[in-house]
There are 2 protein chains.
Amino acid sequence: MTTTALKKNIDFLMNLADNTLMIKKGDYLYHRGDASTCIMLIFSGSLKTVDLNEGGELRIKEFLIKQDIIGLDAMMDTYHSTDAIAIEDSIVKAISYEKFNLFTLRSPEISEILETVRAQFMARKEESRRVLDNLRSESKMASFLLNLTNRMGRIGYSTERIQIKMTHKDIANFLGVKGETISRAIHSLTTKGTIIMKHKTMAILDMQLLKDIIRPV
Amino acid sequence: MTTTALKKNIDFLMNLADNTLMIKKGDYLYHRGDASTCIMLIFSGSLKTVDLNEGGELRIKEFLIKQDIIGLDAMMDTYHSTDAIAIEDSIVKAISYEKFNLFTLRSPEISEILETVRAQFMARKEESRRVLDNLRSESKMASFLLNLTNRMGRIGYSTERIQIKMTHKDIANFLGVKGETISRAIHSLTTKGTIIMKHKTMAILDMQLLKDIIRPV
DNA sequence: CGGCGAATTGAAACCGCTCAAGTAAAGTGG
DNA sequence: CCACTTTACTTGAGCGGTTTCAATTCGCCG
């Protein structure tokens with residue numbers, strides 16, 4: 001599906017919303033075990049979803065940004081398998097299943113919209129597997145930054161300057177490494193001239209080099 | 001779902017089969033990109049599914065044994081995202097969707113059967129995530145062996161002596177480590193008295209110790 | 001029996017982790 | 001708005017585990 005077709009479908013869902021939720025940084029959008037009552041889209045801000053592995057440790061499953069659909073885990077399982085926590089003040093639009101179903105009955109675009117939803121779900125599964133597949137921490141970090149930049153670009157942000165909202169600790173948890181390793185990976189990527197980062201602002205300087213670091217020959 | 005209910009549903013599907021495939025070790029059951037034309041179950045033997053990551057490297061996604069449903073990737077995506085290769089001479093039973101659909105129309109157990117399929121799909125996703133989550137190679141190996149033993153036991157094999165059909169290289173690829181590391185992990189597990197392994201035959205000697213190695217305190 | 005891939009084993013390099021100390025940034029209350 | 005507190009981040013040294021490279025041995029199949 002093209003980027004513009006995807007945007008159209010997301011906008012369509014966004015306009016269908018019958019509820020707007022304001023969420024402060026650190027607050028929960030939903031908890032593990034909650035029943036799913038609506039489809040939710042991020043209007044602004046960003047969140048993380050967190051699940052509990054069998055060792056009882058918290059593990060970040062995904063980072064969600066503006067225009068992402070959130071809570072898809074529950075569409076498959078009927079209840080949420082994760083906690084969703086805002087990593088900055090955010091606004092989330094919700095569509096009750098009731099309203100969604102009413103609309104889909106008389107909407108010819110429904111199959112395309114469901115395809116949008118399914119594609120997002122699959123793409124995210126893909127990403128997390130891909131990131132974990134990289135053995136070297138620098139590759140993981142490069143992969144993470146490239147993915148984030150692409151996603152930001154797709155929703156209209158300039159890829160010249162990306163705002164990183166998550167903490168090193170959260171990124172580390174997501175990538176399966178330690179916080180110190182994130183510092184060192186950023187330092188290394190910067191030294192090599194692939195990226196530049198100041199405080200929470202980042203830019204990719206050498207895209208090809210970044211890709212080479214993700215997939216070494 | 002209980003083990004016996006699961007077995008009943010698998011047997012039901014097995015009896016529905018309208019085609020039997022004999023596959024020699026190393027042969028392909030299907031290729032990446034093939035359209036899915038039927039539901040397949042392993043009657044005997046074992047196979048591996050292999051996908052290509054973006055770096056162009058082959059990566060083993062799952063090992064399938066007797067009574068496993070194979071090719072589920074295509075039920076979600078309409079075409080196969082993996083190659084399926086026999087790791088020993090195997091027999092696969094196939095049910096055309098045509099026949100499957102005819103049967104489900106008048107079968108009251110259909111929802112339970114679909115649940116069996118969905119549960120297998122989910123359980124496998126779970127396993128691969130769990131295995132990759134373990135950072136130490138010995139934990140990965142222990143996790144892999146425990147899972148394999150449990151699966152063998154569930155389909156009626158004695159858990160006193162398990163036949164390992166895959167090569168070290170394949171296991172290494174699956175676990176995201178190197179072949180030499182598999183050798184050393186087995187050596188270490190053996191030294192500790194958790195398992196005994198001779199050639200391709202293995203047994204778990206100390207189940208609790210094995211679990212402790214998977215999840216260190 | 002010969003050959004060849006599979007498995008084992010050793011040594012050394014590499015990389016991420018732990019621990020620790022110090023600096024920077026963000027949040028809090030007066 | 002500043003001082004204070006807390007949290008986030010950086011950086012270094014040493015350790016442990018995995019990879020790499022290389023040399024053998026083992027085991028299977030023709």
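Chain identifiers are assigned alphabetically (A, B, ...) following the order of the sequence lines, protein sequences preceding nucleic acid strands; residue numbering begins at 1 within each chain. Treat the numbers as computed from the prediction; the structure is a model and nothing was measured.
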(message) Nearest whole Å is fine: how far is C:dA26 C1' from A:Ile164 CD1?
(response) 18 Å

(request) Ignoring hydrogens and angles, state whether a donor on the side chain of B:Asp18 or B:Ser96 is under 3.5 Å from an acceptor on the partner side chain. (result) yes

(request) Give the angle between the helix axes at the two ends of the helix from C:dC1-D:dG30 to C:dG30-D:dC1, taking five base pairs at each end and rounding to 10°. (result) 50°

(message) Counting primed atoms plus P, OP1 and OP2 as sugar-phosphate and everything else as base, spell out the protein contacts along nucleotides 7-22 of chain D at 4.0 Å heavy-atom distance: B, S or - for each nucleotide, 5' to 3'.
(response) --SBBBB----SBBBB

(message) Salt bridge or not between B:Glu138 and B:Arg136? Use side-chain N to carboxylate O under 4.0 Å.
(response) yes

(message) I need the NZ-C1' distance between A:Lys165 and C:dA26, as an integer number of Å.
(response) 14 Å

(message) Looking at A:Lys25 and A:Glu88, is there a salt bridge between them, counting it only when a charged N and a carboxylate O are closer than 4.0 Å?
(response) no

(request) Classify the side-chain pair A:Ser36/A:Tyr97 by whether it contains a donor and acceptor separated by less than 3.5 Å. (result) yes

(request) Take the protein atom CE of A:Met197 and the nucleotide atom P of C:dA24, then report the distance between them rounded to whole Å. (result) 19 Å

(request) Could you tell me whether B:Arg59 and B:Asp51 make a salt bridge, using a distance below 4.0 angstrom between a side-chain N and a carboxylate O? (result) no

(request) In plain terms, say whether A:Asp68 and A:Arg151 are close enough for a salt bridge, that is, a side-chain N and a carboxylate O under 4.0 Å apart. (result) yes

(message) Working to the nearest 0.5 angstrom, can you tell me the gap between A:Ile23 CD1 and A:Leu29 CG?
(response) 4.0 Å

(message) Checking side-chain polar atoms at under 3.5 Å, does B:Lys93 have a donor or acceptor matched by the opposite partner on B:Thr20?
(response) yes

(message) Categorize A:Lys25 for me: base, sugar-phosphate, or nothing, with a 4.0 angstrom heavy-atom threshold over every strand shown.
(response) sugar-phosphate

